[in-house]
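Please read the structure below before turning to the comments.
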Amino acid sequence: MTQIEQTRQRREEVARTGTYDVYIELDIDCEELVDACGLDYTRSEDDDTQNEVKIILDKDEFCDVFETCQLLKANEQVFAERLLNYELAEYTTKVTVYKPNGDKITFE
């Protein structure tokens with residue numbers, strides 16, 4: 001699947017469900033740590049050196065995580081720490097959020 005097809009599919013899914021889907025890309029070097037945390041993941045379609053963890057948030061959860069971070073200091077590791085944990089945040093290379101209104105926000 002191309003990046004464009006993947007984006008379209010993810011935008012359609014959140015529009016249908018009304019959720020905020022967060023995709024966190026982690027270096028595959030931390031795969032054992034991800035397994036130890038009990039998180040489900042898939043290999044990134046864009047980069048085979050990355051695993052992707054999907055977190056589904058409702059509106060209140062999304063606001064709790066993303067509205068309380070100062071954007072001047074925000075980056076992919078800050079959001080991964082808030083959503084996963086400190087150790088996994090160090091391996092985070094990208095965070096992408098798909099919002100129900102069709103917006104896509106990426107930190108990398």
Side-chain angles (χ1 to χ4, degrees):
M1 178 181 314
T2 69
Q3 178 68 28
I4 293 171
E5 292 168 334
Q6 183 183 57
T7 297
R8 181 188 48 75
Q9 181 182 31
R10 289 178 175 179
R11 282 184 168 150
E12 288 173 359
E13 184 178 332
V14 295
R16 187 175 56 256
T17 62
T19 59
Y20 295 76
D21 292 359
V22 182
Y23 293 85
I24 302 169
E25 289 190 23
L26 305 161
D27 192 286
I28 61 170
D29 291 341
C30 73
E31 201 166 283
E32 289 181 17
L33 182 57
V34 176
D35 288 335
C37 292
L39 296 170
D40 293 328
Y41 59 89
T42 58
R43 185 77 64 202
S44 172
E45 291 187 18
D46 298 331
D47 184 347
D48 63 358
T49 67
Q50 304 293 304
N51 286 324
E52 193 172 62
V53 174
K54 178 182 178 181
I55 306 290
I56 300 171
L57 304 173
D58 64 25
K59 184 177 181 179
D60 291 337
E61 293 166 330
F62 173 81
C63 291
D64 183 49
V65 172
F66 287 88
E67 287 186 355
T68 58
C69 289
Q70 296 178 8
L71 286 179
L72 290 175
K73 299 177 183 179
N75 63 31
E76 65 278 5
Q77 293 178 338
V78 169
F79 292 115
E81 183 176 344
R82 298 281 310 268
L83 291 164
L84 302 174
N85 64 42
Y86 176 77
E87 292 83 13
L88 289 175
E90 292 183 11
Y91 292 96
T92 300
T93 59
K94 183 177 179 181
V95 173
T96 305
V97 180
Y98 292 88
K99 296 171 51 179
N101 68 356
D103 289 344
K104 174 182 158 186
I105 305 167
T106 303
F107 297 89
E108 54 184 326

Side-chain heavy-atom pair L84, C37 within 4.5 angstrom cut-off: no

Student check: side-chain heavy atoms of L39 and L88 closer than 4.5 Å: yes

Note, T96 side chain near I105 side chain (heavy atom, < 4.5 Å): no

Any donor-acceptor N/O pair, E90 side chain to E87 backbone, under 3.5 Å: no

Y98-L83 co-clustered via ILVMFWY side chain contacts under 4.5 Å: no

I55 side chain reached by Y23 side chain, heavy atoms, under 4.5 Å: no

S44 side chain to D46 side chain, donor-acceptor N/O pair below 3.5 angstrom: no

Minimum heavy-atom distance A80-A89, with the two atoms named: CB-CA, 3.9 Å

L26 side chain near L33 side chain, heavy-atom distance below 4.5 Å: no

Donor-acceptor pair, side chain of R43 and main chain of N51, under 3.5 angstrom: no

Sole candidate of E31, K54, E52 that passes side chain to side chain contact (heavy atoms under 4.5 Å, CB included) when paired with Y41: E31

Donor-acceptor contact below 3.5 Å, side chain T19 vs main chain D21: no

Residue Y91 excluded, over 12 heavy atoms near OH under 6.0 Å: no

Mutual orientation of the aromatic rings belonging to F107 and F79 [parallel < 30°, tilted 30-60°, perpendicular > 60°]: tilted

V14 and K99, any side-chain heavy atoms less than 4.5 Å apart: no

Minimum-distance pair of heavy atoms, taken over all atoms of D60 and D58: N-OD1, 3.1 Å

NZ/K104: more than 12 non-hydrogen atoms of other groups inside 6.0 Å: yes

Min side-chain heavy-atom separation F66-V22 under 4.5 Å: yes

Whether over 12 other heavy atoms sit under 6.0 Å from D40 CG: no

Donor on one side chain, acceptor on other, T93 and Q50, under 3.5 Å: yes

Exam field: side chain R16 to backbone R11, donor-acceptor pair closer than 3.5 Å: no

Inter-residue atom distance E32.CD - D35.CG, 0.5 Å rounding: 7.5 Å

Atom of T106, atom of E108 and distance for their closest heavy-atom approach: CG2-OE2, 3.9 Å

E5 side chain to T2 backbone, donor-acceptor under 3.5 Å: yes

Rounded distance (nearest 0.5 Å) linking atom CG of D64 with atom CG of L57: 9.5 Å

